[in-house]
Number of protein chains: 2
Amino acid sequence: MSGHAPEHAGVTARRPRRDASRNRDRLLAAAKTVFSAGGPAASLEAVAREAGLGIGTLYRHFPTRESLFEAVYRREVEQLAELAETLEAEAPPVAALRRWLHANVEFVATKKGMAAALELAARGPSDLTAYSSDLLTRAVGRLLARAVAAGAIRADIGAADLLRALVGMCYLHDEPGWQASVLRLLDALVDGMRIPPR
Amino acid sequence: MSGHAPEHAGVTARRPRRDASRNRDRLLAAAKTVFSAGGPAASLEAVAREAGLGIGTLYRHFPTRESLFEAVYRREVEQLAELAETLEAEAPPVAALRRWLHANVEFVATKKGMAAALELAARGPSDLTAYSSDLLTRAVGRLLARAVAAGAIRADIGAADLLRALVGMCYLHDEPGWQASVLRLLDALVDGMRIPPR
DNA sequence: TTGAAAAACGGAGGCACCCTCCGTATAATC
DNA sequence: GATTATACGGAGGGTGCCTCCGTTTTTCAA
């Protein structure tokens, strides 16, 4: 048994082709550009054009619109998850929660397309989005659990609830002044979830 | 002066043709059906088919997708506005606010397409949606103002803010258990907006 | 180096939808 | 009944979605 590359049990080891991975990168870059400009409903053919590739190539790499989204915004979602860990280590429970929520708003404001990524994470029907969804739910879940454990926050609102509120509030992020509005609302929400110390 | 129908200053008075108003009704009924089944992005050609009319007729009556939405859901939006008035007369300030918010959730849950109507009212870029938007903002605005005047609610969150939160939270209304989740969130939000009596 | 064979490419093609335009049909008025 | 404003319908040109398959490129073993 044992050849060189093709291992015994069908678990082939052939590396991905050069052109394939190069094109994958091009598609991701193009998608970022096009989605930023045209919103999440932008044409996939436009993405392929922007990448200088055929539409067939795009579909082979990313069979669904969602899978493309997922790939484009995976990194940003991961950053948010990391931020949660940092805050957990560095700030008191309620403040950490509040800051993380605020950071999300800033993300949406800054990184064009982040709203789409969040939305996707929260509503995505596909299996692929489970990754993002899980990551974020867990991130906020840890912050929440810590605050609950400290007796500072009500226990009847879960991570998924909070994520829903966050994403929803950011959903209408085109109106002027949306950012301040969402920050006020989030603060009020956290206040409402608070158990005052006595 | 005064003729019979055609008034002097170009403000013609010719009644709309029978077939025209009949077809308008058919289109509205069809739109309600199709949007309920297929969501707000459903095909306009499907609406025309459902109504047994040509696509041209649809476009003459409703030049944009939004104008059709507007017409379909105008009544439901008006009902919500009326409810606000009723509650204003019948319930104490904070309770009225809370109940109105809850009623909205029920609307979304019950009347398919109501979510789309709310969304449209809140984000619609068109002039036509101003009507719905105004109506709802004013409705919740009155409830809010009363509660603020009674010293029961913080003054830094406006009607538009609250509407944003409401619509946003209902936005992801497909997930299982969304309804309970939104109710919890709204309660917490109102709690957070409260000024405890002392 | 070379020559299969695996893997990837590209875009034509079929379908649906969007919206406009204008010849034809029909209701309202005289 | 004739006239004319009004409405109807759907063909047509454009775009996007996604699939399928003949062609091209890369890899790997001999």
Side-chain angles (χ1 to χ4, degrees), chain A residues 1-8 10-31 33-35 37-69 71 116 125-126 128, chain B residues 2-8 10-31 33-35 37-69 71 125-126 128:
Chain A
M1 53 197 77
S2 86
H4 189 232
E7 219 58 10
H8 39 85
V11 187
T12 66
R14 198 166 201 155
R15 277 179 332 193
R17 272 171 54 164
R18 281 269 166 76
D19 54 350
S21 57
R22 170 173 48 76
N23 286 343
R24 194 189 143 90
D25 289 348
R26 284 191 188 165
L27 284 169
L28 285 176
T33 303
V34 171
F35 286 143
S43 152
L44 294 186
E45 304 206 325
V47 172
R49 274 197 300 275
E50 169 80 18
L53 298 171
I55 185 66
T57 301
L58 184 150
Y59 273 96
R60 195 165 342 89
H61 281 284
F62 304 102
T64 68
R65 177 181 292 270
E66 273 145 20
S67 62
L68 181 53
F69 261 86
S126 106
L128 289 174
Chain B
S2 86
H4 190 228
E7 219 60 10
H8 41 85
V11 187
T12 66
R14 197 167 202 156
R15 279 180 330 194
R17 274 171 52 165
R18 281 270 166 77
D19 53 352
S21 59
R22 171 174 46 78
N23 286 343
R24 194 189 142 90
D25 289 347
R26 283 190 188 166
L27 284 169
L28 285 176
T33 303
V34 171
F35 286 144
S43 152
L44 295 186
E45 304 205 325
V47 172
R49 272 196 301 275
E50 169 80 20
L53 298 171
I55 185 66
T57 302
L58 183 150
Y59 273 95
R60 196 163 343 86
H61 282 282
F62 305 100
T64 67
R65 177 181 293 269
E66 273 147 20
S67 63
L68 181 54
F69 261 87
S126 109
L128 289 173

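Labels below follow one simple rule: chain letters A, B, ... track the order of the sequence lines, proteins then strands, and each chain is numbered from 1.
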Contact under 4.0 Å: A:His61 side-chain N or O vs C:dA8 OP1/OP2: no

Under-4.0 Å side-chain N/O to phosphate OP1/OP2 contact, B:Thr57 with D:dA7: no

[X] [atom1] to [N] [atom2]: how many Å, rounded?
X: A:Glu45; N: C:dG13; atom1: CD; atom2: P; answer: 15 Å
X: B:Leu68; N: C:dC19; atom1: CG; atom2: P; answer: 12 Å
X: B:Asn23; N: C:dT26; atom1: CG; atom2: P; answer: 12 Å
X: A:Tyr59; N: C:dG13; atom1: OH; atom2: P; answer: 18 Å
X: B:Asp19; N: D:dG9; atom1: CG; atom2: C1'; answer: 13 Å
X: B:Leu58; N: D:dA7; atom1: CG; atom2: P; answer: 15 Å
X: A:Leu53; N: D:dT23; atom1: CG; atom2: C1'; answer: 16 Å
X: B:Arg22; N: C:dA25; atom1: CZ; atom2: P; answer: 17 Å

To the side chain of [X], which of [options] is closest?
X: B:Ala20; options: C:dG10, D:dA7, D:dC28; result: D:dA7
X: A:Leu44; options: C:dC18, D:dC17, D:dA7; result: D:dC17
X: A:Arg18; options: D:dT27, D:dC17, C:dG10; result: D:dT27
X: A:Ile55; options: C:dC19, C:dA12, D:dC8; result: C:dA12

Test log, rule side chain to side chain contact (heavy atoms under 4.5 Å, CB included), inputs B:Phe69 and B:Thr64: CA-CA 9 Å; B:Phe69 261 87; B:Thr64 67; over 6 Å; no

Over all strands shown, is [X] touching base, sugar-phosphate only, or nothing at heavy-atom distances under 4.0 angstrom?
X: A:Arg65; answer: sugar-phosphate
X: A:Arg60; answer: base
X: B:Ser43; answer: sugar-phosphate

Hey, what do you get for [atom1] ([X]) to [atom2] ([Y]), rounding to the nearest 0.5 Å?
X: B:His61; Y: B:Ser67; atom1: NE2; atom2: OG; value: 11.5 Å
X: A:Arg24; Y: A:Arg60; atom1: CZ; atom2: CZ; value: 13.0 Å
X: A:Arg17; Y: A:Asn23; atom1: CZ; atom2: CG; value: 9.5 Å

More than 12 heavy atoms of other groups within 6.0 Å of B:Arg22 CZ: yes

Student check: side-chain heavy atoms of A:Leu28 and A:Phe62 closer than 4.5 Å: yes

Please write out the pairs of protein N or O atoms and N or O atoms of nucleotides 2-5 of chain D separated by less than 3.5 Å, giving the distance to one decimal.
unit_1 : atom_1 : unit_2  : atom_2 : d
D:dA5  : O3'    : B:Arg14 : NH1    : 3.4

Can you list, pair by pair, the side-chain donor-acceptor contacts under 3.5 Å of residues 39-57 of chain A, counting residues two or more places apart and other chains?
unit_1  : atom_1 : unit_2  : atom_2 : d
A:Ser43 : OG     : A:Glu45 : N      : 3.0
A:Ser43 : OG     : A:Ala46 : N      : 3.0

